[in-house]
Amino acid sequence: MKKNRLISLIIRIFKSICTIKKKLLWTYSFLIVSQELLILLTLFIPKMIIEALLQGKTKLAFYAVGLLIIGSIFLTLSNKLLRQYINNFLNEIRLYYSIQLNKTFMEMDFERVETAEIREKKNLAFEGLENYIQIINNLFQTIQNIISIFVIAVSIFVYDIILIGLVVIGASIYFLFQYKLLPDDLNMHEEFNKLFTKWGYIAQTTRNIDNAKEIRFYDLSEWLSKKASYFAQDNRKLLLKSTKLDLIKEIIRNLISNIEFFLIYIYVINQAIVGHITIGQFTQYISALITFSNSLFQIAANGVALKKNCILIENFYQILDEHDRIEDNEQRSAHNPIIDKNDGFEIHIQDIWFRYPSKEQYVLRGVNLVINRNETLSLVGKNGSGKTTLVKLILRLYKPERGKIYINGIDINQISLTEYYKLLSVVFQDFQIFAFSIRDNILMSAIPDPDNNSENEQRDATMARVKSAIRSAGLAPDIQNLEKKENTFLSKELSDDGIEFSGGMMQKLAMARAYYKDSKLIILDEPTAMLDPLQEYEIYKHFNELIKMQSAIFISHRMSSCRFCDKIAVLNNGVIEEYGTHDELIQQKGLYSFLYGSQAEKYSFY
């Protein structure tokens, strides 16, 4: 890392502290003053006691002892209290940046989130947060040590350059040695990171409740334990290498410091013998030299640690800068035209070409499609035909390589992403149900405070919409049987009274979430995959009534759902092969007719 980069990074850290927790700077300043006073107290008072006793001034010696005891107790307690405040402030900073990092990953472009690079950076960014905290400690410890050296040098050794020279030479040798071992430290750190990633996956796999059935049914406990033992063996090897490296550092430090102290003791004893210093000054010199030497060695260690942490913090700041870019992009697009959704949406998909990153084959090739206002469209086709990919492009989870998508004549990429998502309701094929209450899983936002009378009317209206969405999704009978109704928690992770929904009930809950949002465009990717045919029939029978004045896009492998849609688009090998109504496509006797016919006998009651 270049010197200018290191300085700019340190300046950025100080600026961030001033912005987030300015009290930390003041607390560290008080701690430094307190520690320096303690050093001065332990350097000068013992000398005063010894010289007072040698001169027969017993009363003065007792006063000095009292001052030493009271001052040491007061300053030691002050240091501990200040350190506790510092730890609390550092935890607040850690929490602040943890929220920022999580927010960045949640708002980052979906196509980037899926990449291995970002998944790795996510782990490194949170580790970099710890390096950020360590840098703060390194900086203030270094400042304190520099002040200690200055205080000791000025007050005691200002007339003795030889003593200062001996200590500085020893610390400089130690610093150069530490710096030479820095690449080994960084390589070791990278190896540990890779191992912990593997170990973390195994640990998460064994703890995840979703894996419990497979682990027991296929008797995977022994197999997973063996996998873990392999990683444990690798960990032992790395720990052995790390221990050897630390042992070498410690041996070198002790060797240098002991040689240094040996030479210093010879010099100071000689000075006392020839009468250049008194017995009191002798003890003061020895105490000061130990503090002086430790401070220099600590500066050397902190300097190398600072360099190392500044290298490891790169991913942390890259992700934070990504957050700033996301907010900047949102602000720039905030003035772009917002779609008037009162009249519904007309969607134009023009000449869309798309292939996934690092893939040569196109998933979509020249797709053109129009979805009229308040029209329902079903996307059908074999697996891998591009149905879900097309929906991801409409949702702006990915950007097409060529072509554009328009809503009411406006390029969707010209709309603020936050505003754009307000226009849509989606039920994904791999939808997620969270360990919160049924109500929260539908709302997906804060409900007005029930203790605030001014918000009761708004709260009642919100809950009325929630209950309406529950009825629309066919979930009302199941919830009515629950003691806490829609306030029931799902899973026991956040509540001991939590329950587990069946797959079908979770899918209904996901649909209730989409109905609650009441957007003008609703997208359903395999919305009834977990429902039995009768439940599916009940949903579709009332579906057109539920989504009146809305446009809707379906993806379903159950061809029976297509009969409830205004239009059907058949995708095959990345192109729209057929388009029309159900009856029109049946008469064409093409791919749609074949797919529908292969399932028709299963759904004769439709």
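Across every non-hydrogen atom of R355 and E360, the tightest pair is NH1-O, 3.2 Å. When all heavy atoms of L129 and S98 are compared, the pair lying nearest together is CD2-OG, 3.3 Å. Residues L82 and T27 share a closest heavy-atom pair of O-CG2, 3.7 Å. Contact detail for L75 and S34: the closest heavy-atom pair is O-OG, 3.6 Å. When all heavy atoms of G71 and L41 are compared, the pair lying nearest together is C-CD2, 3.5 Å. Residues S72 and L68 approach most closely at OG-O, 2.6 Å, considering heavy atoms.
Put simply, CD on Q141 and CG on L31 are 9.5 Å apart, with the number rounded to the nearest 0.5 Å. The structure places CG of L38 at 10.0 Å from OG of S148, a figure rounded to the nearest 0.5 Å. Note that the CD atom of E92 and the CG atom of L24 stand 9.5 Å from one another [nearest 0.5 Å]. For the atom pair OG (S29) and NZ (K23), the distance works out to 14.5 Å, reported to the nearest 0.5 Å. Separation of atoms CG (L81) and CG (L77) is listed at 8.5 Å; rounding is to 0.5 Å. Here the CD1 atom belonging to I45 is positioned 11.5 Å from the CD1 atom belonging to I69, to the nearest 0.5 angstrom.
Donor-acceptor pairing under 3.5 Å is lacking for the side chains of Q134 and N138. Between N145 and T142, the side chains place no donor N or O within less than 3.5 Å of an acceptor N or O (distance only, hydrogens not considered). Counted by atom type alone, N487 and S437 present zero donor-acceptor pairs between their side chains at under 3.5 Å.
Proximity of the aromatic rings of F436 and F489 is defined here by a centroid distance below 6.0 angstrom, and this criterion is not met.
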Residues Y63, K59; criterion side-chain contact (heavy atoms from CB on, under 4.5 Å); working and verdict: CA-CA 6 Å; Y63 283 141; K59 190 174 182 180; 3.2 Å; yes
Steps toward side-chain contact (heavy atoms from CB on, under 4.5 Å) verdict (Y420, N413): CA-CA 9 Å; Y420 183 68; N413 289 310; over 6 Å; no
Working for side-chain contact (heavy atoms from CB on, under 4.5 Å), residues L37 and V33: CA-CA 6 Å; L37 288 175; V33 170; 4.1 Å; yes
Candidate pair K22 and I17, rule side-chain contact (heavy atoms from CB on, under 4.5 Å), full reasoning: CA-CA 6 Å; K22 198 171 185 178; I17 294 172; over 6 Å; no
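Contact annotation: the side chain of Y28 never approaches that of I143 to less than 4.5 Å [non-hydrogen atoms, C-beta and beyond]. Side-chain atoms of F140 and Q144, non-hydrogen and from C-beta on, never get closer than 4.5 Å to each other.
At least one donor-acceptor pair closer than 3.5 Å links the side chain of T42 to the backbone N or O of I39. In terms of modelled atom types and a separation under 3.5 Å, the side chain of Y132 and the main chain of Y97 share no donor-acceptor contact.
Sparse packing is recorded around CZ of F30, with 12 or fewer heavy atoms of other residues, nucleotides or ligands lying under 6.0 Å away.
No option in I135, L139, I133 other than I133 meets the side chain to side chain contact (heavy atoms under 4.5 Å, CB included) test with N137.
Sorted by first then second residue, the salt bridge (charged side-chain N to carboxylate O under 4.0 Å, His left out) pairs that include residues 128-152, not counting sequence neighbours, are R94-E130.
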